[in-house]
Structures are given as structure tokens and as C-alpha cells.
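Below: one structure, written as C-alpha cells.
All residue numbers refer to positions in the sequence shown, counting from 1. As the structure lists them, so they are numbered: ligands from 1, and atoms in each ligand from 1. No hydrogens, no waters, no symmetry mates; every other heavy atom, side chains included, goes into these values.
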Amino acid sequence: MEYSMRNNENTDFDKLCESEQMFRGTFENAAVGISHINLEGIWIRVNQRLCDILGYTKEELSRISFQAITYPEDLPADLSKFEVLMRGELEHYSLQKRYIRKDGQLVWVYVTRSLQRDSVNKSLYSITIIQDISALKAGEQKLTENQHLLHKTANELKGKNEELETIINIASHDLRSPVVNIMGFSGELARSINELKEKIMASNVGDFQSNEIMTVLNTDIPQELSFIEQSTHSIDQMLRSLLKVSHIVLADINSIQIDMNDLLENIVRDSEKIIKENKIELTIEPLPNCQADRGLIKEVFFNLINNAIKYLDPTRPGKINIRGFIKNQYSIYSVEDNGRGIALNHQKNIFKLFHRLDTDSPTEGVGLTIVRRLLNRMDGNVWLESQQGKGSKFFVALPVS
Ligand code: ADP
């Protein structure tokens, strides 16, 4: 009987030792810092990981309080909660804070404190878990810095863009008046030359001299005047186009829900005459709504449809098809034609200002520049698929809402 009692006692003792060992193992080998802190904030038990985080030995920590090595700015938030916890009025709390390591470096940690009570519910110590989050904080800091940089660059870019657009606006506006003057004065010059011719004919200049003067007046000067007129006309045309671009791209945007079926019907009605005259087969399939400025989006589709008409292949009946669908929160529309198409090497350039495939054509080469700029301003996009000799398909994406 006595023997078996001792045997039982031994088993209980063994179990106790085993659980004590397990507890120590967990405490010592945990990958996070674990400590027990008394009511004054002194570290009464710490594991090795905590020593590694703070750079102090166990011995050194047992002589200081957590308050002493907390970064002063972070102390009030921790201390006010610690006091409430130790009074038994709070079960646990967590916070991010900085400790000053023994080598003077700051270390960011995530601290969780809970309360250990004794058998009569009196506060004994705080169990504190400490995780080193320096790498996370450094990443956060880098991210914030990058976000600031991105924001700053975007603002600078926006400012430069606006500045540039204002310069274009002013330049195209102001340059027009001297150009108009040159056009007017070359007309005057032509009239003066005609007068001169009449006077020479009426005067009695010798035949030989008269012939020479007449060659200059009839051939040389008119030819030169015609070059001046052509050049000033094309400068005038370019300035008008620039002015048009700057007016359109600087226009205020009033984004609303747009019934695109109604809008497209409107645009097609405006081009009805040319569609009928050229016997173009135009089909519009049901289109989804989108969020955009009605006036500006009308300008976009007016340009695309007019181009589809303008660049049809005269050797075959023209077909234009307009479709739309929704994908990833965007309404995607396509304007497809069976016209002359665009060679691959030209495709990347056609959205550039004044770019035309046929430089002899009387067109302005600004329509697609306006289309792209307007769509960018309305959070949209434009791109194309085209095959030379077969046709083109222009896509427009705009937010659904
Ligand atoms: P513009 O039509 O006034 O020349 P755009 O900027 O609208 O100016 O178009 C630029 C060039 O792209 C046009 O000159 C034309 O060569 C080409 N292009 C545009 N749309 C089409 C189309 N649907 N089919 C073939 N070529 C096109």
C-alpha cells in the first residue's frame, strides 16, 4: 500500500516536471520574444529571442524596466494601457511601438500584453509577447515614400501638361493674326502688281524693256506669291487645328451616364447624307451605357465614324459596323470598317499630332490625337486592329459607371 502511494506520487511529480519542461521549452524556443513583467514594468523573465530583439542580456534586462528603453514618443500610449491592465481593468492589449536597443538603434515591435493573476485574483505580472516588425515597417516606409514620389511626379506631369496645353492655346491663337496679315498683304501685293502692269502697258517703255518687266510681273512674281499663299494657308490650317485641339482638350468634363444607342443615332443622323450618297451599309448593334461627358464622347465617335467613312476603299461597297459589350467594369465599343486599312508600321503613329498616312491629302491629322486625349481625360482608352487593304477596327473603352 505504502509502496503504491509513493509510486503514484512519483508519477504526479514526473508529470509536473514534464509540463514545467514543456513550458520552459515553449518559452525559450519561441520565435517571438516572450517576457513576464512585474507591476513596476521590470522584466522578471525573458526568453533569448527577446534579448536578441533588444540587444540586452537576460541579466541586464532583469535590472531595467520596459519604460526605460521605450522610445519616449511611444511611451504614453503603452504606459496608460499598461496601468489599466495591471489594475485588472483590461484583459489584454496590443500596440506597435519602438524600443531603443542597447546599441542605440531603434527597433519597431508589435507588443501584446495580457494579465496573469494569482489564485485570489490579484494581479501578478503581465505576459508580454514581442514581435520584431522592423522589416515590415521599413517596407511600409518605402511604400509611403514611393507613393509620395509617385504623387509628386503625377502632379508635376499634370502641371506640365496643363502648361503645355496653355502654351499651345496661346501660341495658336496669337500666331494666327500675323499669318492672317501675311495672307492679306500678299493679296494686296497681287493687286498692286496688276496695277503696275497696267501702268507699264500704258507707258512708252521700250519693247525690249517692257517684255523683260512683263516676264517678271506675269511669271516670276505670281509664282512666288502663290508659294507664299500656299505656305501661309497651310500654317493657318495648322494653327486652326492646334487651336481646335487645345480648346477640346482643355474643355471642362461633366461625367454622366450616357445612353450610347441614342448618342450614336444622333451622330449617324448628322452624317446621313454622305452615308446615303456613298451607299454605305452602316449597322449599329445594341450598345451598353457608359460614364462620360456627352459632348466630348460625341466628338470621339464623330471622328471615328467620319474616318471610317473617309477612308473606305472606293473599289468595294463600304460597310461599317458598330458594336459594344461590357468587360471588367468597362464598356468597350468598336467601330469597324472594310476600308483601306492601316499598315502595321503606321498604326503606332496615327494618334500623334498631324500624322497622316497620305501627306498629300487635305486632311488635318488631328482627329485621332483629339480622340485619344479626350478618352484619357475621361479614364478611357482607344486602340485599333487593322489590316492594310482589308479594313480597320477602332476600340474605345470607357468606365461603365
Ligand atoms: P485626319 O483624318 O484628319 O487625317 P486623323 O488623326 O483622324 O486625321 O487620322 C490620322 C490618319 O490615320 C489619317 O490621315 C488616316 O491616314 C489614318 N486613318 C484614320 N482612321 C482610319 C480608318 N478608319 N481607316 C484607314 N485609315 C485611317
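Sorted by first and then second residue, the pairs that involve residues 365-383 and meet side-chain hydrogen bond (donor to acceptor under 3.5 Å, both in side chains), not counting sequence neighbours, are Glu165-Arg373.
Taking CD1 of Ile37 as the reference point, atom CH2 of Trp43 lies at 4.5 Å (rounded to 0.5 Å). Here the straight-line distance linking atom CG of Leu196 with atom CZ of Arg191 works out to 15.0 Å at 0.5 Å rounding. Note: Leu50 CG to Phe27 CZ = 8.5 Å, rounded to the nearest 0.5 Å.
The pair Arg294-Asp262 meets the salt-bridge criterion, with a side-chain N (NZ, NE, NH1 or NH2) lying under 4.0 Å from an Asp/Glu carboxylate O.
Only the backbone of Val366 comes within contact range of ligand 1, with a heavy atom under 4.0 Å; no side-chain atom does. Heavy atoms of His346 found under 4.0 angstrom from ligand 1: none, in either backbone or side chain. Within the 4.0 Å heavy-atom criterion, both parts of Leu368, backbone and side chain, lie near ligand 1.
Every atom of ligand 1 with a heavy atom of Lys310 under 4.0 Å away is listed here by number and element: 1 (P), 2 (O), 3 (O). Remark: ligand 1 atoms within the under-4.0 Å shell around heavy atoms of Gly367 are 5 (P), 6 (O), 7 (O), 8 (O).
Ligand 1 has no atom lying under 4.0 Å from any heavy atom of Gly339. Within the structure, ligand 1 has Asp337 among the residues with a heavy atom less than 4.0 angstrom away.
Not a single ring pair (Phe, Tyr, Trp, His ring centres under 6.0 Å) links Tyr330 to another residue, sequence neighbours left out.
Ranked by closest heavy atom to atom 24 (N) of ligand 1, the top entry among Phe394, Tyr311, Phe351 is Tyr311.
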